[in-house]
Undergrad: 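The following block contains the structure, expressed as structure tokens.
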Amino acid sequence: MATASLPAGCWPYTSPDAPHPLRHTAAECRRSRMIDLAHLRKDPAFFSKAWGDRGASVDVDGLLALDALVRELKTASESLKAEVNQASKSIAQAARSGGGAGAVDAAKERARQLGDQAKATDERRVALEQTLTDRLLLLPNPCHPAVPLGADSAANRVVDTWGQAPTFAFTPKAHYDLGPALGIIDFDRAAKLSGSGFVALRGAGARLSRALISWFLDVHTGTHGYVELAVPYLVQSKMMVGTGQLPKFADQFYACRDDDLVLIPTAEVPVTNLHAGEILEAEQLPVRYTAHTPCFRREAGAAGVGTRGMTRVHQFDKVEIVWLTTPERSDADLLSLRGHAETLLRQLGLHYRVLELCSGDTGFSSAHTYDLEVWSPGTSSWLEVSSCSTFGDFQARRAGLRYRAEKGGKPAFLHTLNGSALALPRCLIALLETYQLADGSVAIPAVLQPYLGGLARIGSCA
RNA sequence: GGAGAGGUGGCUGAGCGGUUGAAGGCGCUGGUUUCGAAAACCAGUUAAGGCGAAAGUCUUACGAGGGUUCGAAUCCCUCCCUCUCCGCCA
């Protein structure tokens, strides 16, 4: 890992005594991680193509050679260990039956030598296996066969569009003009507190944000049947390995200086990892959770491009929905999950479209992603308010999420899915811009009014 | 943060240097019995990985990591977590 180039305070954090999140413990190595190595051995061409479709060039032969060497050393050290164990048993017997001290000492010496050999062999194996693991953890999830091929966002496919762009008898304003004028969004004072890329909400703006969070959660728990969670916003960095943010995207989130804790970039991290290392029973599935959390993102390298206002901020609120499900139904579940996110936009009366991301634009951990983009009348652009993905067994492997298909059966990796439903700032943007009136006030959609004490219109609250 | 007590299989709970991957109990699975059920009895019941077509076999795991030893659940060190008391605090 090249750590020198990372900004201070960023993962890996600076405490010298801390465990390195990528130095897996023996217990963690015992679990299968990352991609399915057995599958890679059997069908390297599949992976070559899959990674190629994503624009990643991978030395598959090198991986296979390394894997073969690791297994060779493993076999060797294990048979040496077996000999040591045999020898130890006969020493015990000899000692018990009062055999000659000389014979026992000779046997001990032989066992010691075998033990040293086994240890040396195994140390080599551990080092090579760690190298292999480090490389495998950087490889993206192969895309689902349904994903359209393409190099970048230009190849994404618009699969649905709902509603129509609102029309105005006046020139609609952007949220970064509307909000401050109404006294409900304060960029300047947020920058004073935390620098650029932060936003403060005030009065009806703050309450509108809270109303959206409450309403989203109520719809998911009440209508869609999710279980609500309230989870930690700081997690150990190995959880970020579980969901795939680490090791590759270490520069994209905030870390603590003295503790192995990072601020979550999305609720996906704590919620998906909630059952990490567990074996669930088939009848428990699908597990469906929803959670509201703030999300913290450094957005390194994103400054300046279409980031005016609060379309891209370092801290924002989001309601997330997460499924742990079976491989048989995960494809269908992705559509259900996407539907749950879409429902919210429809009930808010916001014009939006659905994108099916192409192979080159699909996120590192995802196998298949739909983005929901809401229309921003003030800037005449589409804003991503949700990303709905199935990860196949990719995260399940990394996080150790398994289930038992039938009683007494072998545990197998389950499938994980998640989606934003929805991300707050861009919903606020779309609401303010879509429902703005000629006098600069903003109407409130009917579904939200009960959450705002009956407020139907936000006027100036300067 | 300080002091003490602990962390063993799905659960409970023994073991405190050598057939202990782990007694006993509970639960679970299959069988016997029964018209059926309960009870009783018998048998089985952790996971990961290597080799193997399979049967099987070997390795590893008693919170985690390291050490002592021919051999560690058992002894030593470090760390983590839980509980109790004290301190502090929303």
Side-chain angles (χ1 to χ4, degrees), chain A residues 15-42 64 66-130 132-133 136 230 232-239 258-261 275-284 393 396-414:
Chain A
S15 175
D17 303 328
H20 192 294
L22 302 183
R23 296 284 90 82
H24 311 297
T25 65
E28 284 165 339
C29 283
R30 248 172 271 125
R31 289 202 304 252
S32 186
R33 300 178 70 92
M34 314 133 315
I35 61 150
D36 184 354
L37 266 176
H39 189 188
L40 180 70
R41 282 172 212 141
K42 212 177 296 170
L64 289 173
L66 191 49
D67 169 56
L69 186 52
V70 166
R71 282 185 299 151
E72 192 182 304
L73 290 171
K74 187 161 191 155
T75 307
S77 80
E78 284 184 357
S79 58
L80 283 167
K81 277 182 197 164
E83 284 190 65
V84 173
N85 289 343
Q86 275 305 113
S88 293
K89 275 184 193 165
S90 36
I91 291 170
Q93 279 173 358
R96 229 177 294 136
S97 61
V104 170
D105 283 348
K108 280 189 185 179
E109 182 53 31
R110 200 177 98 76
R112 185 177 309 144
Q113 283 174 6
L114 284 169
D116 288 347
Q117 273 185 60
K119 196 173 176 185
T121 308
D122 210 44
E123 275 168 3
R124 267 189 76 202
R125 190 217 95 214
V126 167
L128 288 174
E129 194 162 42
Q130 183 66 57
L132 180 62
T133 299
L136 292 174
Y233 305 154
L234 285 164
V235 296
Q236 300 182 19
S237 54
K238 68 181 173 191
M239 297 303 151
D258 295 328
D259 300 286
D260 177 28
L261 291 170
H275 293 288
E278 298 180 20
I279 302 172
L280 304 177
E281 295 303 326
E283 56 265 26
Q284 292 176 263
D393 64 7
R397 287 178 179 283
R398 295 168 76 109
L401 290 160
R402 291 178 294 166
Y403 79 110
R404 229 183 278 278
E406 51 197 65
K407 276 250 182 283
K410 277 277 167 197
F413 291 110
L414 48 75

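Here is how names work: the chains are called A, B, and so on, in the same order as the sequence lines, proteins then strands, and each is numbered from 1.
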Undergrad: For A:Asp259 and B:C81, what is the distance between atoms CG and P respectively, to the nearest whole Å?
TA: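 The distance from CG of A:Asp259 to P of B:C81 comes to 10 Å, rounded to the nearest Å.
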Undergrad: What's the CZ-C1' distance between A:Arg125 and B:G50, to the nearest Å?
TA: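 The distance from CZ of A:Arg125 to C1' of B:G50 comes to 10 Å, rounded to the nearest Å.
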Undergrad: Does some side-chain heavy atom of A:Leu37 sit less than 4.5 Å from a side-chain heavy atom of A:Leu132?
TA: yes
Undergrad: A:Val84 has a side chain; which of B:A47, B:G50, B:C70 sits nearest to it?
TA: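 Selected nucleotide (nearest to the side chain): B:C70.
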Undergrad: Can you name the side-chain hydrogen bond (donor to acceptor under 3.5 Å, both in side chains) partners of A:Arg112, sequence neighbours left out?
TA: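 A:Arg112: side-chain hydrogen bond (donor to acceptor under 3.5 Å, both in side chains) contacts with A:Glu109.
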Undergrad: Return the set of residues passing side chain to side chain contact (heavy atoms under 4.5 Å, CB included) with A:Ala107 (not counting sequence neighbours), or none when no residue passes.
TA: A:Ile91
Undergrad: Tell me, which pairs form a salt bridge (charged side-chain N to carboxylate O under 4.0 Å, His left out) where one or both residues lie in residues 67-77 of chain A, sequence neighbours left out?
TA: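 As it turns out, the salt bridge (charged side-chain N to carboxylate O under 4.0 Å, His left out) pairs with a partner in residues 67-77 of chain A, which skip direct neighbours, are A:Arg41-A:Asp67, A:Asp67-A:Arg71.
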Undergrad: Report the residues that fulfil side-chain hydrogen bond (donor to acceptor under 3.5 Å, both in side chains) with A:Ser77, sequence neighbours left out, ordered by chain and then residue number.
TA: A:Asp122
Undergrad: Counting only heavy atoms and a strict 4.0 angstrom limit, can you tell me which residues of residues 108-119 of chain A come near RNA chain B?
TA: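 Of all residues in residues 108-119 of chain A, the ones placing a heavy atom under 4.0 Å from RNA chain B are A:Lys108, A:Ala111, A:Arg112, A:Lys119.
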Undergrad: Could you write out RNA chain B as a dot-bracket string, with dots for unpaired bases, | for bases paired across to another strand, and Watson-Crick or G-U pairs counted at under 3.5 Å?
TA: ((((((((.[[[..)..(.....]]]((((((.......))))))((((((....)))))).[[[[[..)....]]]]])))))))....
Undergrad: Considering only nitrogen or oxygen atoms on both sides, find all protein atoms under 3.5 Å from nucleotides 43-46 of chain B and state each distance.
TA:
none

Undergrad: Whole angstrom is fine here: how far is it from CG in A:Leu73 over to C1' in B:U60?
TA: 16 Å
Undergrad: From CG of A:Leu280 over to P of B:A47, roughly how many Å is that when rounded to an integer?
TA: 15 Å
Undergrad: Could you tell me how far apart A:Arg41 (CZ) and B:G50 (C1') are, to the nearest whole angstrom?
TA: 9 Å
Undergrad: With sequence neighbours left out, write down each residue that passes side chain to side chain contact (heavy atoms under 4.5 Å, CB included) with A:Pro411, or none if nothing qualifies.
TA: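 Partners of A:Pro411 by the side chain to side chain contact (heavy atoms under 4.5 Å, CB included) criterion, ordered by chain and then number, come out as A:Ile279, A:Arg402, A:Arg404.
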Undergrad: Can I get a per-line list of side-chain donor-acceptor pairs under 3.5 Å for residues 79-86 of chain A, giving both atom names and the distance, sequence neighbours left out?
TA:
{"from": "A:Ser79", "atom 1": "OG", "to": "A:Thr75", "atom 2": "O", "distance (Å)": "3.3"}
{"from": "A:Ser79", "atom 1": "OG", "to": "A:Ala76", "atom 2": "O", "distance (Å)": "3.0"}

Undergrad: How many whole angstroms separate atom CG of A:Leu401 from atom P of B:A47?
TA: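 Answer to the nearest Å: 17 Å.
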Undergrad: What pairs of nitrogen or oxygen atoms, one from the protein and one from nucleotides 55-59 of chain B, lie under 3.5 Å apart?
TA:
{"from": "B:U59", "atom 1": "OP1", "to": "A:Asn85", "atom 2": "ND2", "distance (Å)": "3.0"}

